[in-house]
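Working notes, structure below.
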Amino acid sequence: MKYGIYFAYWEKEWDADQASYIKKAKELGFDILELSCAALKNIDKAGLDRFKDAAREYDMILTAGYGPAAEENLGSADESVVKHAIEFYTDILKKLEYLNIHTLGGGIYSYWPVDYSRPIDKRGDWERSVRNVRTVSEIAGDCGVDYCLEVLNRFEGYLLNTAKEAVQFVEEVGTPAVKVMLDTFHMNIEEDSMPDAILTAGDKLGHFHVGENNRRVPGKGNIPWAEIGKALDRVHYDGSVVMEPFVLPGGGIGSDIKIWREMIPDADQERLDADARNSVNFLRHVFGR
Ligand SMILES: O=C(CO)[C@H](O)[C@H](O)[C@H](O)CO
Ligand SMILES: [Mn+2]
């Protein structure tokens, strides 16, 4: 198993200098840095090469996450939105291929966070999204990227709230590159049993986010890590385990993630780094591989 961390742990804005976290994550004991595709939207070749060179220099794996904007919604009833979304993913997937990134995960079948002031058409959006994710995940397959659909809690998404729904969706899409992605923070809200959800995802599990019930680093809350590790063993999961802690209020990230208090008193860089380092050691110990 390889262990990673999402750059956003240290940042308040999505458009931060993400490449600089490759070295930091390596020094803290991680194998992977997860980037947000926000960094790849308007990037030039020199910018892409900064990521590529740093990953090579520090022998780090990169994975990519994304919370698509409303105009990148593959489930939209507006055909011009879908056309734009397919163009957007085609461009991003080519950049991921160039960067040797083989995993893209997130609410990449819909948009995020959802605007619940508008009426929700789950059935219609599901059907459109299955069709359009099929198109995009075929392109992903050609680029060598697993297209991992993240199961989100009800407050952040409405299409895939449980592993069971995600398995059904992935079966309907039916392409080799499309996979289920689980996140312990969301599972803790929606699933009857976290181990059972992992067993349900089974060999369709393509990416795994870890975070506590309150999104602090693993080891500081009440998620049942030992049981989760055993379930990952039972499905022979050998992919990435990426921690996605969010502890800093403020900015676009604080607002999207809904962090309205200081999760860590006097959270300076040293404290954040020490927590991340201890947490990845904790996960390696509890998962035993
Ligand atoms: O768990 C999540 C949102 O709650 C997602 O993994 C990320 O925040 C999303 O992909 C944005 O990059
Ligand atoms: Mn997540």
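The residues of the chain are indexed from 1 along the displayed sequence. All values below come from the heavy atoms of this structure, side chains included, with hydrogens, waters and symmetry mates left out. Start at 1 and go down the list; that is how both ligands and their atoms are numbered.
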Check your understanding: Between Y3 and N281, does any side-chain donor sit less than 3.5 Å from a side-chain acceptor?
Key -> no
Practice item. Specify the protein heavy atom at minimum distance from atom 11 (C) of ligand 1: its residue, its atom name, and the distance to 0.1 Å. Key: G67 N, 3.5 Å
Point to revise | Close-contact set for ligand 1 against H209 heavy atoms, below 4.0 Å | key: 6 (O)
Point to revise | Name of whichever N/O/S atom of H209 is nearest to the Mn ion (ligand 2) | key: ND1
Review point. Quick one: does Y66 get an N or O within less than 3.5 Å of an N or O on ligand 1?
Key: yes
Point to revise | D115 CG: over 12 foreign heavy atoms closer than 6.0 Å | key: yes
Point to revise | Per-residue contact class, K258 against ligand 1 - non-hydrogen pairs under 4.0 Å | key: neither
Check your understanding: Do the side chain of S279 and the main chain of P218 share a donor and acceptor less than 3.5 angstrom apart?
Key -> yes
Study note, to complete from the structure: The N/O/S atom of E244 lying closest to the Mn ion (ligand 2) is OE1
Review point. Would you say T103's side chain and T63's backbone share a donor-acceptor pair under 3.5 angstrom?
Key: no
Check your understanding: Between D233 and R289, is there a salt bridge with N-O shorter than 4.0 Å?
Key -> yes
Review point. In ligand 1, which numbered atoms sit nearer than 4.0 Å to a non-hydrogen atom of D183?
Key: 1 (O)
Practice item. With heavy atoms of Y6 as the reference, note each atom of ligand 1 found under 4.0 Å away. Key: 11 (C), 12 (O)
**Study point:** N/O/S atom of H186 inside 2.8 Å of the Mn ion (ligand 2), strictly under
**Key:** no
Practice item. Inspect the contact between D273 and K24 and indicate whether a charged nitrogen and a carboxylate oxygen are less than 4.0 angstrom apart. Key: yes
Exercise for review: Pull out every atom of ligand 1 sitting under 4.0 Å from any heavy atom of E156, numbered as shown with elements.
Suggested key: 3 (C), 4 (O)
Review point. Does the N or O separation between H186 and ligand 1 drop below 3.5 Å for any pair?
Key: yes
**Study point:** Flag for W126-E172: side-chain donor and acceptor within less than 3.5 Å
**Key:** yes
Review point. Do the ring centers of F287 and Y237 come within less than 6.0 Å of each other?
Key: no
Point to revise | 4.0 Å heavy-atom contact, R215 with ligand 1 | key: yes
Point to revise | Contact check, W112 vs ligand 1, heavy-atom distance below 4.0 Å | key: yes
Review point. F246 ring centre to R215 NZ or CZ under 6.0 Å, with the angle to the axis within 45°?
Key: no
**Study point:** Atom nearest to the Mn ion (ligand 2) - D183, N, O or S atoms considered
**Key:** OD2
Practice item. May I have the step-by-step check of salt bridge (Lys or Arg N to Asp or Glu O under 4.0 Å) for R128 and D125, ending in yes or no? Key: CA-CA 5 Å; R128 284 182 286 273; D125 290 358; 2.6 Å; yes
Exercise for review: For the Mn ion (ligand 2), find the closest N/O/S atom on E150 and give its atom name.
Suggested key: OE2
